[in-house]
Amino acid sequence: MPELPDVELFRRRLSATSLRRRVVSVRGSDRRLVAPLAPKTFARKLNGRRFVSARRYGKYLFVRLDKGGWLALHFGMTGDLRYVRRGAASPAFARLLFEFADGGRLVFADRRRLGRLRFVADTDDFIAAQRLGPDALSGKANLRVFKATLKTRQCGVKSALMDQGAIAGVGNIYSDEILFQAGIKPKRSARTLEDKEIARIFRQMKRVLRTAIARGAGSEQLSERLPPSFLLRHRVKGGKCPRCHRPFRTLKLGGRTGYYCGHCQS
DNA sequence: TTAAGTGTTGCTCT
DNA sequence: AAGAGCAACACTTA
């Protein structure tokens, strides 16, 4: 689930609820989630800290801690970040809870446990070490850079869009939408796209991601909140193209399923 | 009931 | 050495 728009909504949620408040207790016992630290060590390092700001880059969320350093969160396939008021029930699959003095808590939920939380000294160093490309919504992801990146890729355009080292933030779901809006088939070779087509993909990438954020299309209500003209509203087995009403086709890429319209995309 | 499917990254093999 | 495929995970759906 969590691609750029989802993580951006997590960032806003955290900023609205959890900044400048002291963490009085950290609960959670999943070893893999906080590796290489042990859960106890992880909790001790965070206990008594305050979150002072939050930054997103691609699919990563960074939370700055008072007294220095950052917490880096990655949500894997099923991660979610929720704020829960005192007395209210935690969401299902809650794996890690940051509790504040008034009983409110920030909860990292993750059904499949593929998410990760770790301490990092500097976010830019971390981003460089991870070899992430420019964030899809930043000014650094401009048409000139985008064109140069796609032209050097041997793979299909959908794979290129999902490559975090090319552009950070786009995954399987949103790459489907971007290519649908741009009218480009997913398996077209990235290298042989015309300049005009690349410009279309670039423009739609920005528009689709901004629209998803503006509509609050995170996690559960992803499709319902998006415009009916979006592929994502109809991205189910047997779903039909909102433009020509023909059934969508699917393709497999290393175990992931992609959707596209064989008529409207070329 | 059993097996296939699932929005991620990272590792292996070619 | 870039690109493809699968493992990791654990739960849901067919």
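What's counted below: heavy atoms across the whole structure, side chains too, no hydrogens, waters or symmetry copies. Quick caveat, the model's predicted, so the values are computed rather than measured. Letters A, B, ... mirror the listed sequences (proteins, then strands); counts begin at 1.
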Base, sugar-phosphate or nothing for A/Gly254? Non-hydrogen atoms, less than 4.0 Å. base
What do you reckon, are the aromatic ring centroids of A/Phe126 and A/Tyr57 less than 6.0 Å apart? no
Using the P atom on both, measure C/dC9 against B/dT12 and round to a whole Å. 16 Å
Whole-Å distance separating the CZ atom of A/Arg131 from the C1' atom of C/dA1: 13 Å
Partner of A/Phe75 under side-chain contact (heavy atoms from CB on, under 4.5 Å), picked from A/Asp6, A/Leu61, A/Asp80, is A/Leu61
Atom CZ of residue position A/Arg31 - does it have more than 12 heavy atoms of other residues, nucleotides or ligands inside 6.0 Å? no
For A/Thr78 and B/dG7, is the shortest distance between a side-chain N/O and OP1 or OP2 below 4.0 Å? no
Let's see if you can work this out: which of C/dA10, B/dG7, C/dA2 has an atom nearest to the side-chain heavy atoms of A/Arg111? C/dA10
With DNA chain C as reference, determine whether A/Asp163 or A/Met77 sits nearer its 5' end, using the nearest nucleotide of each. A/Asp163
Identify whether A/Val34 and A/Leu114 are in the same connected component of the hydrophobic contact network (ILVMFWY, side-chain heavy atoms under 4.5 Å). no
Which part of the nucleic acid, if any, lies within contact of A/Lys252, taking any heavy atom under 4.0 Å across all strands shown: a base, the sugar-phosphate backbone alone, or nothing? sugar-phosphate
Across the strands shown, which category fits A/Phe75 at heavy-atom distances under 4.0 angstrom: base, sugar-phosphate, nothing? nothing
Selection from B/dT9, C/dC11, B/dT6 that lies nearest to any side-chain heavy atom of A/Arg95: C/dC11
Out of B/dG7, C/dC11, C/dA4, minimum distance to the side chain of A/Ser159 belongs to C/dA4
P-based separation of C/dC6 from B/dA4 [nearest Å]: 14 Å
Give the nucleotide from the list B/dT9, C/dC11, B/dT6 with an atom nearest to the side chain of A/Phe93. C/dC11
Round to a whole Å and report the spacing from CE of A/Met162 to C1' of C/dA2. 16 Å
Out of B/dG5, C/dC11, B/dT9, which has the shortest distance to the side chain of A/Thr257? B/dG5
Interatomic spacing from CD in A/Gln265 to CZ in A/Arg188 - rounded to 0.5 Å: 11.0 Å
Does A/Gln130 have a side-chain nitrogen or oxygen under 4.0 Å from the phosphate oxygens OP1 or OP2 of B/dT9? no
Does atom CZ of A/Arg249 have more than 12 heavy-atom neighbours from other groups under 6.0 Å away? no
Sub-4.0 Å heavy-atom contacts from residues 112-121 of chain A onto DNA chain C, ordered by number: A/Arg112, A/Arg113, A/Leu114
A/Glu3 has a side chain; which of B/dT6, C/dA4, B/dG7 sits nearest to it? B/dG7
Roughly how many Å is it from CG in A/Leu33 to P in C/dA8, rounded to a whole number? 18 Å
Checking contacts here: which listed nucleotide (B/dG7, C/dA8, C/dA2) is nearest the side-chain heavy atoms of A/Arg32? C/dA8
So what's B/dG7 paired with, Watson-Crick or G-U wobble, going by both distances under 3.5 Å? none
Taking everything shown except A/Lys40 itself, do over 12 heavy atoms lie less than 6.0 Å from its NZ? no
